[in-house]
Enquirer: 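After the structure tokens below, expect a handful of questions from me.
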There are 2 protein chains.
Amino acid sequence: MLDATPRQSGYRHPTDLDATPRPARLRIGTGSRHPREQDRRTVTDTARSTTRYGTRPTMKDVAARAGVGLKTVSRVVNGEPGVTPDTERRVQEAITALGFRRNDSARVLRKGRTASIGLVLEDLADPFYGPLSRAVEEVARDHGALLINGSSAEDPAREQELVLALCARRVDGLVIIPAGTDHRYLEPEIAAGVATVFVDRPAGEIDADVVLSDSFGGARDAVAHLIAHGHRRIGFIGDQPRIHTAIERLRGYRAAMDEAGLPVDESWVALGSTAPERVRSAAEAMLAGPAPVTALFSGNNRVTVTVVRVLADRSRPVALVGFDDFELADLINPGITVVAQDAARLGRTAAALLFRRLDGADEPPQQRVLPTRLIPRGSGELPPA
Amino acid sequence: MLDATPRQSGYRHPTDLDATPRPARLRIGTGSRHPREQDRRTVTDTARSTTRYGTRPTMKDVAARAGVGLKTVSRVVNGEPGVTPDTERRVQEAITALGFRRNDSARVLRKGRTASIGLVLEDLADPFYGPLSRAVEEVARDHGALLINGSSAEDPAREQELVLALCARRVDGLVIIPAGTDHRYLEPEIAAGVATVFVDRPAGEIDADVVLSDSFGGARDAVAHLIAHGHRRIGFIGDQPRIHTAIERLRGYRAAMDEAGLPVDESWVALGSTAPERVRSAAEAMLAGPAPVTALFSGNNRVTVTVVRVLADRSRPVALVGFDDFELADLINPGITVVAQDAARLGRTAAALLFRRLDGADEPPQQRVLPTRLIPRGSGELPPA
DNA sequence: GCCAGAATTGACAACGTTGTCCAGACGTTA
DNA sequence: TAACGTCTGGACAACGTTGTCAATTCTGGC
């Protein structure tokens, strides 16, 4: 696990994300620029070609070409008032001729704001996070900000690495789907004004805004639904117990069983990796033996998919309710009954909260819990076999 | 459509992405910092609190606190040699005490490289792009770079806006899934050394690296597969003709029909929006009438999903092959036969090419075409009804 | 034609970092 | 002890932009 602060020995630039010893470094196409060349800018502007490789015109170049002062160029570029049409035209021509584009790095340095926010999630390739990320992006766009995102791969160390790299880039705010359980490393950042909102799972050991789905309630509904359809032996396969939602959903499962006065055999509960092999063996274990479960509740979309495959291989029908909706769930036969959470809404809500903070809202950290929705499609309404 | 270069009247900062007139601006929590306050840094370091809101310690602060020079702090932070262990320890303590984190904006400005790349795609929420984005991210991570991504929503103006905003941030390279057909606006950027790789669709009007899937070949295989199973009247529903892959897949469709000596009734071909309603009505039109098609070839995953829904509502079986694989395609009954392209591999290939360029590879632009794979699952093997 | 006041313009100093280069401190050798 | 390297540390000037503020040019009214 990386330290939150730089060390000398073995210290790596926070953006040097590669863990391999390979000395992979970015280099621009021109190779390392000899320092003496840095003075090239002082040659007459006619010596500079628009297409000179690896060199970009600056406002100074534009100013020289247009025969105006540096600040005037800045004014034109930023649409500030106080420039005569004639001057503006000359500057515009120079800008076009040189292919100038303002260097936002310098702007950021000067202004102190980056108009960008960071999103750290588990895996962008997961169909649950795509819409969430897109929703955050849209809100950011509405506020004129860009989105930088990174996947933690459910690894706390990598999460921290990413978050700190984003902080070093001076993102204005962070939306985090936490992998780790201790976020005290964020304290100096938050104190320094980086707005931070956690999504899907609460922050660990610090007080911060959180937007959650109602995992407990959704899970309880799901299991109650199965019970209502006559099931007594119900299995639960969930994610690693380190993950908050997994625990909450397990709690919901137990609550529903408890409320119905049903005992829970511990062999009916499997928390762990969502890797297909593990889920498969867990499901098969629950479905074997003299008193197999007659229904399964799966803790997230990845688990559900694997369980569906397992059940497809069997003749005896087994009821199934999955947490998370997924595309085409209605086209499988029977349709898969799910507890749907609205990923896009999670993202939108979190991003809206973030920008409220950035706009100066000074309220205590809040926790928002979004409701889930049970969608019956057939698999959850199968009677016990 | 935005100009490629700044104008005064109505000019918007390239990162001011919102198209609405609302004056949405980022503001940090502390409100606008009065310029006079900028001198606060010269007060004694004991006056600064670690948790002072909205203010971040700089190397200068660390240096003052550790009683060393500025450059020494820089050396420690960057793990450069030439610092005694004792000095290093003092600096480390100051860093920790102040919660210092290097400001990468300043670093970027000084060094000229950002160690970040941009990815512009159509829609992050599309399950095809999630894995692609993740693959690009992984390669970037291996090279110590961060990924900034944006969705163009298939709008050329928005694509350009995004790309130029990324250029203003001085990303080192760009991976673009183009929405537009004219990328000459990128010429100055490429000339300035921004490595650029296009993915999924070729660049318009400029010469650049491209990584594609074999749309033509994949489509031809798909349709030939249907023909081999006895179909003579085959419909094709694809994306907008503006999109390169749509055209290529149509070409593949025609080629297969042609090679089999089959005529193509123009009512069997529908290119246009992939919005569900449109696809639905297109499919229903092809399936109606006295000589309906007996098989459908759908041009991408969104189309396929809608077509599957349409076919699920009908009693007469209709064969279907879809371009793009998707999760659970095997669990629908019958399983959906698809032409699979490897989105992750597209992303990996493109990113690898990009970093080759950044590492100084000086080859002419190249085009890579990745093969597709026909996966028979049942729906494509149905005989004509 | 002259002056006040407004409008335009540009010089300059930050922003926080890193590269260069020089000044001391220290240890070694003659 | 003097002369010589080597090692450490720091002063300083960039990087490209924007905020301040003063200088300059224009305008209109007399």
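Chain letters run A, B, ... following the sequence lines, proteins first, then strands; residues in each count from 1.
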Enquirer: Given atom CD1 of A:I95 and atom P of D:dG16, what is their separation to the nearest angstrom?
Expert: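 Going from CD1 in A:I95 over to P in D:dG16 covers 16 Å.
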Enquirer: Roughly how many Å is it from CZ in B:R113 to P in D:dC15, rounded to a whole number?
Expert: 17 Å
Enquirer: Considering only side-chain heavy atoms of A:T84, which listed nucleotide, D:dT20, C:dT8, D:dA11, is closest?
Expert: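 Nearest to the side chain of A:T84 among the choices is C:dT8.
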Enquirer: Do the side-chain N or O atoms of A:S74 get closer than 4.0 angstrom to the phosphate oxygens (OP1, OP2) of D:dT18?
Expert: yes
Enquirer: Identify whether the distance between the nearest side-chain nitrogen and carboxylate oxygen of B:R169 and A:D104 falls below 4.0 Å.
Expert: yes
Enquirer: Rounded to the Å, how far apart are B:D86 CG and D:dC7 P?
Expert: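 That distance rounds to 19 Å.
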Enquirer: Please work out whether the ring planes of B:H143 and B:F355 are parallel, tilted or perpendicular, with thresholds of 30° and 60°.
Expert: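 Ring orientation of B:H143 relative to B:F355: parallel.
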Enquirer: Looking at A:T72, does any N or O in its side chain come under 4.0 Å of the phosphate oxygens OP1/OP2 on C:dT9?
Expert: no
Enquirer: Just to confirm, is there a sub-4.0 Å distance from OP1 or OP2 of C:dG19 to any side-chain nitrogen or oxygen of B:K111?
Expert: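 Answer is yes, contact under 4.0 Å.
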Enquirer: Of A:M59 and B:V68, whose nearest nucleotide on DNA chain D comes first from the 5' end?
Expert: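 Nearest-nucleotide comparison on DNA chain D picks B:V68.
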Enquirer: Please name all residues satisfying side-chain contact (heavy atoms from CB on, under 4.5 Å) with A:E205, sequence neighbours left out, ordered by chain then number.
Expert: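 Result, side-chain contact (heavy atoms from CB on, under 4.5 Å) vs A:E205: A:D182, A:R184.
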Enquirer: Between C:dG10 and A:R75, counting only base atoms on the nucleotide and side-chain atoms on the residue, is there a donor-acceptor pair under 3.5 Å?
Expert: yes
Enquirer: So, B:R356 and B:D359, do they make that salt bridge, N to O below 4.0 Å?
Expert: no
Enquirer: Just call it for A:T87: base, sugar-phosphate, or nothing, with non-hydrogen atoms closer than 4.0 Å on any strand.
Expert: sugar-phosphate
Enquirer: Output the rounded distance in Å from CG (B:D61) to P (C:dG16).
Expert: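 Those two atoms, CG and P, are 8 Å apart.
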Enquirer: Under a 4.0 Å N-O cut-off, is there an ion pair linking B:R89 with B:E93?
Expert: yes
Enquirer: Between the side-chain atoms of B:K60 and the base atoms of C:dG16, is any donor-acceptor pair under 3.5 Å?
Expert: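 Answer no: no donor N or O sits under 3.5 Å from an acceptor.
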Enquirer: Just how far, in rounded Å, is P of C:dT17 from CZ of A:R169?
Expert: 14 Å
Enquirer: Rounded to whole angstroms, how far apart are NZ on B:K71 and C1' on C:dA23?
Expert: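 Going from NZ in B:K71 over to C1' in C:dA23 covers 16 Å.
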Enquirer: Below the 4.0 Å mark, does D:dT18 have OP1 or OP2 next to a side-chain nitrogen or oxygen of A:R107?
Expert: yes
Enquirer: A:V83 has a side chain; which of C:dT18, D:dG19, C:dT9 sits nearest to it?
Expert: C:dT9
Enquirer: Start with the C-alpha distance between A:R90 and A:D86, add both sets of side-chain angles, then the distance that settles side chain to side chain contact (heavy atoms under 4.5 Å, CB included), and finish with yes or no.
Expert: CA-CA 6 Å; A:R90 291 212 318 281; A:D86 182 60; 3.4 Å; yes
Enquirer: Using only modelled atom types and a 3.5 angstrom limit, is any donor from either the side chain of B:R110 or the base of C:dT17 paired with an acceptor on the other?
Expert: no
Enquirer: May I have the distance from A:E88 (atom CD) to C:dG10 (atom P), rounded to whole angstrom?
Expert: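 Atom-to-atom, A:E88 to C:dG10, this comes out as 14 Å.
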Enquirer: Rounded to whole Å, please give me the gap between CG in A:N78 and C1' in D:dG19.
Expert: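 That distance rounds to 12 Å.
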Enquirer: Side chain of B:T58 only, please: which of C:dT9, C:dG16, C:dA11 is the nearest?
Expert: C:dG16
Enquirer: If you pin B:L109 and A:G67 to their nearest nucleotides in DNA chain C, which one's is more 5'?
Expert: A:G67
Enquirer: Quick one: which of D:dT17, C:dG16, D:dT8 gets closest to the side chain of A:N103?
Expert: D:dT17
